[in-house]
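All remarks here apply to the structure that follows.
Predicted model only: the values in this text are computed from it and were never measured. Labels below follow one simple rule: chain letters A, B, ... track the order of the sequence lines, proteins then strands, and each chain is numbered from 1. Any value given below was found using the heavy atoms of this structure, including those in side chains, with hydrogens, waters and symmetry copies removed.
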Amino acid sequence: DAKTTQPPSMDCAEGRAANLPCNHSTISGNEYVYWYRQIHSQGPQYIIHGLKNNETNEMASLIITEDRKSSTLILPHATLRDTAVYYCIAGYSFGNEKLTFGTGTRLTIIP
Amino acid sequence: DTGVSQNPRHKITKRGQNVTFRCDPISEHNRLYWYRQTLGQGPEFLTYFQNEAQLEKSRLLSDRFSAERPKGSFSTLEIQRTEQGDSAMYLCASSLLWTGEHEKLFFGSGTQLSVL
């Protein structure tokens, strides 16, 4: 898996959009970007993944730069329940590959 | 769908004792993973099963660790002769893998092991 770099922590006001950056400058052409989050005392939870196009689901949006060296996870209207550690992973998640988690970004939503 | 269940949630043991954890995956999920997580770090892959076959073990997994998944359902992770360095959260995840599809891992809440 390609190495990713994320800020260790971020704050966001409740109701605002939370934008979480991730650098993956060594990502290879067929590696995907995955995002998981881990709320305190729980296991990680899948959020979204993408290859080169922007993706959106009911939880979040994923914006990947054209050169694919970085991406941003967007939580459009952050709530207190979005306080968690967010992991950005570059790699594969099918076949016999396993995802490698880094240390993530601790996002705190401020009331 | 009741999610991935792990038992016990907490385990305190003395150094040198053996411990066993259980994971019940989401029914019909064909893959089951074990991860270990220490404070401030992301989960580290330990091993995984496809049905009842253990397909890979990490180099992190010493000979004192053994995992089983009899009949491709629940799984157990045993640690023999525990050491203080084994203190961590042990996470189980399951997934339903279709050929060519992206795997989504569903994690349990983990078993927190403290070795005194």
Are A:Tyr46 and B:Phe106 an aromatic pair, judged by ring center distance below 6.0 Å?
no
Just wondering, do [Y] and [X] contact through their side chains at under 4.5 Å, heavy atoms?
{"X": "B:Pro43", "Y": "A:Tyr87", "answer": "yes"}
{"X": "A:Leu99", "Y": "B:Phe45", "answer": "no"}
{"X": "A:Ser41", "Y": "B:Ser109", "answer": "no"}

Would you say A:Leu107 ends up clustered with A:Ile48 if hydrophobic residues are merged whenever their side chains have heavy atoms under 4.5 Å apart, either directly or through other cluster members?
yes
When you look at [atom1] of [X], are more than 12 heavy atoms from neighbouring residues, nucleotides or ligands closer to it than 6.0 Å?
{"X": "B:Arg15", "atom1": "CZ", "answer": "no"}
{"X": "B:Asp63", "atom1": "CG", "answer": "no"}
{"X": "B:Ile12", "atom1": "CD1", "answer": "no"}
{"X": "A:Arg16", "atom1": "CZ", "answer": "no"}
{"X": "B:Leu39", "atom1": "CG", "answer": "no"}
{"X": "B:Glu68", "atom1": "CD", "answer": "no"}

Quick check for you: among B:Gln6, B:Gln41, B:Met89, B:Glu44, which has the greatest number of heavy-atom pairs under 4.5 Å with chain A?
B:Gln41
Between the side chain of A:Tyr34 and the main-chain N/O of B:Lys104, is any donor-acceptor distance below 3.5 Å?
no
Tell me, side chain or backbone of B:Gln37 under 4.5 Å from chain A's heavy atoms, or both, or neither?
side chain
Please report the closest heavy-atom contact between B:Leu91 and A:Gly43, naming both atoms and the distance.
CD2-CA, 4.0 Å
How long is the gap from CZ on B:Phe107 to CD on A:Gln38, to the nearest 0.5 Å?
8.0 Å
